> 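Take this structure, written in structure tokens, and hold onto it; I'll ask about it next.
Remember, it's a predicted structure, so these values are computed and weren't measured experimentally.
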Amino acid sequence: MEAMIAYSAGMLEAVATFLASEPIVYLFGLVCLILAVKVVKDILH
């Protein structure tokens with residue numbers, strides 16, 4: 001049981017580190033920008 005908890009904690013830490021890395025932040029911002037542009041296009045048409 002203890003090994004499973006340690007494994008889960010390690011995985012969560014790895015995911016948090018991955019999400020905190022720069023390229024992911026930029027990718028997320030790009031996706032948000034694309035969605036915003038689509039919404040504006042739909043409003044204008």
> Drop me the distance from D42's CG to K38's NZ, to the nearest 0.5 angstrom.
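The NZ atom of K38 is 9.0 Å from CG of D42, to the nearest 0.5 Å.
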> Got a second to check how far E2's CD is from I5's CD1, nearest 0.5 Å?
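It comes to 7.0 Å.
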> Run the side-chain donor-acceptor check on residues 22-32: report pairs under 3.5 Å with partners two or more places apart or on a different chain.
unit_1	atom_1	unit_2	atom_2	d
E22	OE1	Y26	OH	3.2

